[in-house]
2 protein chains.
Amino acid sequence: MSDHGTTLADTLREQIIQGAFAPGERLSEASLADRLDVSRNTLREAFRVLAQHGLVEHVPHRGVSVASPTTADVIDIYRARRLIEGGVLREASSLHPGVTAMRAALERAEDALGRADWTVVGSANMAFHAALVSLADSPRLTRAHDQLAAELRLAFLAIDDPESLHRPFVAKNRTVLEALTDEGPARAAEELERYLVDSERRVLGAYSRMGRR
Amino acid sequence: MSDHGTTLADTLREQIIQGAFAPGERLSEASLADRLDVSRNTLREAFRVLAQHGLVEHVPHRGVSVASPTTADVIDIYRARRLIEGGVLREASSLHPGVTAMRAALERAEDALGRADWTVVGSANMAFHAALVSLADSPRLTRAHDQLAAELRLAFLAIDDPESLHRPFVAKNRTVLEALTDEGPARAAEELERYLVDSERRVLGAYSRMGRR
DNA sequence: TCGCAACGATTGTTGAACAATCTGGGTCCG
DNA sequence: CGGACCCAGATTGTTCAACAATCGTTGCGA
């Protein structure tokens, strides 16, 4: 592993999102540095990056742990998603090349749906919405949305019922896409709003069912 | 200086925003660590945080320099601001306590206007818009907006004509606030849009006048 | 049982060291 | 004269060992 630094942060980010660590799990500097074969100092730099991304929580003198979104966090994430994704979509053009990326993600999701591969369905759904935000051609909005998506993945991981979390939303994404191409941005934004409200309700329902704070 | 870490990043952030370093200026690890009386490793952690905030640009093996927003950056910042601030305002309630904070910031700006203290006017204008975003009660939107504001300050610093950059906008902020309290969120959002378009045009005009990329 | 003091473990930070990489000149060749 | 190449100095990337500061816990005593 010669390329460290930001790349180390990327590696960790990937592992966390893939569920290599449980949400809330404590990440000890010494043991993780040993496991990743880097020095504590280098690992700490990566931690700072991840903390800024909201993927990891850093409490001074108490170390870092994998973030574990609370109910309040989930509500906030969806509020921000509604505002950003909705705002982007309302001003989007159906001719933007990003629409192709949306379609590709959607087809990947529909394909995985047949194979009941919920992990891929989840990833593809995420990619669909990332592509949606890319319609704005705004690096900063894309970055903000990426962070929201990463945090949300942690909430999904904590729930661990991928089917009910991802299956129903493939069709909803198709509705959004078709609304955009056939009926214009305003209608698409309405459908998106419906999607997000429904998705949020499902996550919060699962949270309360598992007695989560 | 016993409290380092994130606090060191805050210190640096403040210094950068206050213009202690010129936009684009190279920040050498060795000399800056010496100047701040911290070790290189500690300083590097702070750099990672600032880089995530967009205040500093980090190029591998070439070090970090104070960010120096390009024309494209300015355009993107304003696009994101329009979306976020506009979205927040459209769904805001004029009864939200944050409105008081907006009014306070506005009065601070108007006061400084009389004293021709453009630095304070600029800060107060920023605070007005930060308070505006706080109407959404969304930590994540607030954080995203904070980053945009910090980057924008660097653009302002690069321009160095604070009067033309800040003076005209105090009145516009009052218009936004009064529209919100008297005519409702929709009208306020229209005024805000006008504000942002005008402010962006002014920054870009100054940029092109100074032959900036 | 409760408060608390000492202990071990972990984080925060330092300084020195070395490898990897960049930068700026200078040289050589065409 | 101009450009490609290369070298040395400077800077960044990373490691390591050490110590101070802080946290959590454990066990002691009242």
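Below, chains carry the letters A, B, ... as their sequence lines are ordered, and counting in each starts from 1.
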Colleague: Enter the distance from Asp111(B):CG to Leu106(B):CG here, rounded to the nearest 0.5 Å.
Modeller: 11.0 Å
Colleague: Would you call Arg79(A) and Asp76(A) a salt bridge, using N to O less than 4.0 angstrom?
Modeller: yes
Colleague: Taking only side-chain N and O atoms of Thr42(B), does any of them lie within less than 4.0 angstrom of OP1 or OP2 on dT14(C)?
Modeller: yes
Colleague: Separation of Leu43(B) atom CG from dT14(D) atom P, in whole Å?
Modeller: 15 Å
Colleague: How many Å lie between CG on Leu36(A) and C1' on dT15(D), as a whole number?
Modeller: 15 Å
Colleague: Throw together a table of side-chain donor-acceptor distances under 3.5 angstrom for residues 153-163 of chain A, partners on residues two or more places apart or in other chains.
Modeller:
| residue | atom | partner | partner atom | Å |
| --- | --- | --- | --- | --- |
| Arg153(A) | NH2 | Ser123(A) | OG | 3.0 |
| Asp161(A) | OD2 | Ser164(A) | OG | 3.0 |
| Glu163(A) | OE2 | Arg167(A) | NE | 3.1 |

Colleague: Given dT11(C), dG15(C), dT14(D), identify the nucleotide with an atom nearest to the side chain of Asn41(A).
Modeller: dG15(C)
Colleague: What is the separation between atom CG on Leu8(B) and atom P on dG12(C), rounded to the nearest whole Å?
Modeller: 13 Å
Colleague: Tell me whether the side-chain N/O atoms of His61(B) come closer than 4.0 Å to OP1 or OP2 in dA10(D).
Modeller: no
Colleague: Nearest to the side chain of His58(A), which nucleotide is it out of dG13(D), dT11(C), dG12(C)?
Modeller: dG12(C)
Colleague: Examine the side chains of His53(A) and Asp146(A) and answer whether a donor and an acceptor come within less than 3.5 Å of each other.
Modeller: no
Colleague: dG24(D), OP1 or OP2 - any side-chain N/O from Arg62(A) closer than 4.0 Å?
Modeller: yes
Colleague: If I take atom CG in residue Leu32(A) and atom C1' in nucleotide dT11(C), what distance separates them, rounded to the nearest angstrom?
Modeller: 14 Å
Colleague: Rounded to whole Å, please give me the gap between CD in Glu29(A) and C1' in dA9(C).
Modeller: 12 Å
Colleague: For Asp34(B) and dA16(C), give me the distance from atom CG to atom C1', rounded to whole Å.
Modeller: 15 Å
Colleague: Can you identify which nucleotide, out of dT15(D), dT12(D), dT11(C), has its nearest atom closest to the Arg44(A) side chain?
Modeller: dT11(C)
Colleague: What is the distance, to the nearest angstrom, from the CZ atom on Phe47(B) to the C1' atom on dT11(D)?
Modeller: 12 Å
Colleague: Does Arg40(A) place a side-chain N or O at less than 4.0 Å from the phosphate oxygens OP1/OP2 of dA18(D)?
Modeller: no
Colleague: State, yes or no, whether a side-chain contact exists between Leu27(B) and Leu43(B) at a heavy-atom distance under 4.5 Å.
Modeller: no
Colleague: Within this structure, what is the CZ-to-C1' distance between Arg26(B) and dT11(D), rounded to whole angstrom?
Modeller: 7 Å
Colleague: Reckon Arg48(A) has a side-chain N or O less than 4.0 Å from the OP1 or OP2 of dT11(C)?
Modeller: no
